[in-house]
Protein chains: 2
Amino acid sequence: MIKAERQNLILEYLTKDKKVLLDQISKILKVSEDTVRRDIKELSDKGLLRAVRGGAVHRSPIPLHFKERQYIDVEHKQIIAGKVLDYIKPDMVVLIDSGTSALAAVANLPKDIALTVVTNSFPVASVLEDHPKIEVLFMGGRLNKTAFSTSGFETIEAIRNIRADICLLGICSIDLNWGVTGADYEDSLIKKVMVETSKYIIALSTSDKLGTSESFYICAANRLDVIITEADPAEVDLTAYSQAGIEIR
Amino acid sequence: MIKAERQNLILEYLTKDKKVLLDQISKILKVSEDTVRRDIKELSDKGLLRAVRGGAVHRSPIPLHFKERQYIDVEHKQIIAGKVLDYIKPDMVVLIDSGTSALAAVANLPKDIALTVVTNSFPVASVLEDHPKIEVLFMGGRLNKTAFSTSGFETIEAIRNIRADICLLGICSIDLNWGVTGADYEDSLIKKVMVETSKYIIALSTSDKLGTSESFYICAANRLDVIITEADPAEVDLTAYSQAGIEIR
DNA sequence: TGTTTATTTGCAATATATTGCAAATATTAT
DNA sequence: ATAATATTTGCAATATATTGCAAATAAACA
């Protein structure tokens, strides 16, 4: 077990559990607590987490390094991606935000579909490399090196010039009272503008995010047209959502 | 087992296992750990992986499909990159176009320099991942999937909003009569606007491109401040260029 | 073909990094 | 304030990197 690997794992545990404890990591990875502490120190210096007494937690607005996140929850994301495909028809203009769920959806698009994809996410653009019939419009702006996406004024201006047929919103918290909310300010701003300018909104979420809320408001729940989760809709109580006019898949 | 074959295998193991270990590869391929280490060093210089103590891990989530072109003329580009560094000072705003020479220059920047880099090239942005003090502004536009850069109206508009201290122009043909010219229309347009809006222009070229011309005009030769080539300036006839007020390195 | 030249590879000596331990210090909770 | 717990620091053992060099191999050339 080499240092780089260990640090990757620490970041994975962090995204999964929202926190890591020194003794927990020390036991799992079978190294001394000192080593874990030093690893956390290094990661903290890179800005990838916040070291606290006893372990580490998320550094609030900054999303974790994409590298670490893309392998998490792969099965769930595959399921979500499959359901998304029903909504994507040839020649649509699809607006896609950053986030690994949307990325999974894009990665599962058929190779020969003709689309225009508008995105601010490097990985999304990159995955479309071998889809010859998909034209990609990339929205510029300040580059966020951890999420590999752009944000800020230029990005928002670029979105305002687009009126997409469909918008794929990466995982967010959804609550019928509080609406759709996000944990990262810059990212939530982007999502907000995307929702404003798109005709049809598909939110990608996980069933455990239904009924929860975060700090930054994106839009009212009934602004969403569809919510796609990894769960079987037959097994969740959806009456409240359908009453609000939202389809759940 | 030839070197190139070995290095390809290393990259394969890397994509499969997300990491490679020196002793593991050394045993599998039956070469010494030193050789593996040198291989990893080379691959790391090309930006294809990240060398860490004990082995290597992925560099970034963005598969640099740039691979093919990156192999070409590596030594020359390293030389060029070294010379470029003399012109980059802390806190400058540096405009960088797509192209592997500029990429090589960027990849060789010191890890802790503070800069603002403005670019339309994915690989350039991607290579700056581990330079925490470099802010990256990415210029949006239509994505060119072969060069992995953006171009078109939006990109040009974005450039017009920047007044960079220095512009690094990727390899072009330079002729004292015909000026600076490029072979690709869209790309030449971008370069043209970059030259118009930047204070100081550094052209990266190879000595065999001096005195040649391509189809699309970028700017007059004397608009360039410096031409950097891989050759020793003492061994080329530069009188004509210096008379035009161009420094050659 | 045979000879020369350059590159690649492995080895050994040396330098540097990583890790776990223990003592000293700081922090938190009661 | 006191005890319990976490962090920092220095140190030694071990693992890994770097460097120069020589042997092996491949490439270039007559």
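Naming convention: chains lettered A, B, ... in sequence-line order (proteins, then strands); numbering from 1 in each chain.
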Got a second to check how far Ile10(A)'s CD1 is from Leu49(A)'s CG, nearest 0.5 Å? 8.0 Å
Rounded to whole Å, how long is the line connecting atom CD of Glu42(A) with atom P of dT7(D)? 16 Å
Quick one, give me the B/S/- string for nucleotides 22-30 of chain C, reading 5' to 3', where B means a protein heavy atom under 4.0 Å from the base and S means that only happens at the primed atoms, P, OP1 or OP2. B----BS--
Could you walk me through whether Asn144(A) and Glu186(A) pass the side chain to side chain contact (heavy atoms under 4.5 Å, CB included) check? CA-CA 10 Å; Asn144(A) 176 339; Glu186(A) 289 282 345; over 6 Å; no
Between Leu21(B) (CG) and dA17(D) (P), how many Å, whole number? 10 Å
Which one, dA6(D), dA17(D), dG10(C), comes nearest to the side chain of Arg38(B)? dG10(C)
Close approaches to DNA chain C from residues 25-33 of chain A, in residue order (heavy atom, under 4.0 Å): Val31(A), Ser32(A)
Result for 5'-nearest mapping on DNA chain D, choosing between Val52(A) and Ile2(A), is Val52(A)
Would a 4.5 Å heavy-atom cut-off, applied to side chains only, mark Ile190(B) and Asn120(B) as touching? yes
Residues Arg223(B), Val180(B); criterion side chain to side chain contact (heavy atoms under 4.5 Å, CB included); working and verdict: CA-CA 9 Å; Arg223(B) 176 66 183 85; Val180(B) 182; over 6 Å; no
Closest to side chain of Lys3(A), choosing from dT18(D), dG10(C), dT18(C): dT18(C)
I would like to know whether Ser121(A) and Ser98(A) meet side chain to side chain donor-acceptor pair (under 3.5 Å); could you show each step before the answer? CA-CA 5 Å; Ser121(A) 157; Ser98(A) 56; 5.9 Å; no
Would you call Asp23(A) and Glu33(A) a side-chain contact if the rule is heavy atoms closer than 4.5 Å? yes
Indicate yes or no: at least one non-hydrogen side-chain atom of Leu22(B) is less than 4.5 angstrom from one of Arg37(B). yes
Taking NZ from Lys41(B) and C1' from dA17(D), how many angstroms apart are they, rounded to a whole number? 12 Å
Starting at atom CG of Leu22(A), determine the distance to atom P of dT8(D), rounded to an integer number of angstrom. 10 Å
With the side chain of Arg6(A) defined as its heavy atoms from C-beta on, choose the nearest nucleotide among dT9(C), dT7(D), dT19(C). dT19(C)
Whole angstrom value for the distance that separates P of dA15(C) from CZ of Arg37(B): 17 Å
Does a side-chain heavy-atom distance below 4.5 Å link Val226(B) with Tyr200(B)? yes
Could you check whether Val36(B) gets within reach of a base, just the sugar-phosphate, or nothing at all, counting any heavy atom under 4.0 Å? nothing
Which distance, rounded to the nearest 0.5 Å, do you find between the CD1 of Ile202(B) and the OH of Tyr87(B)? 6.5 Å
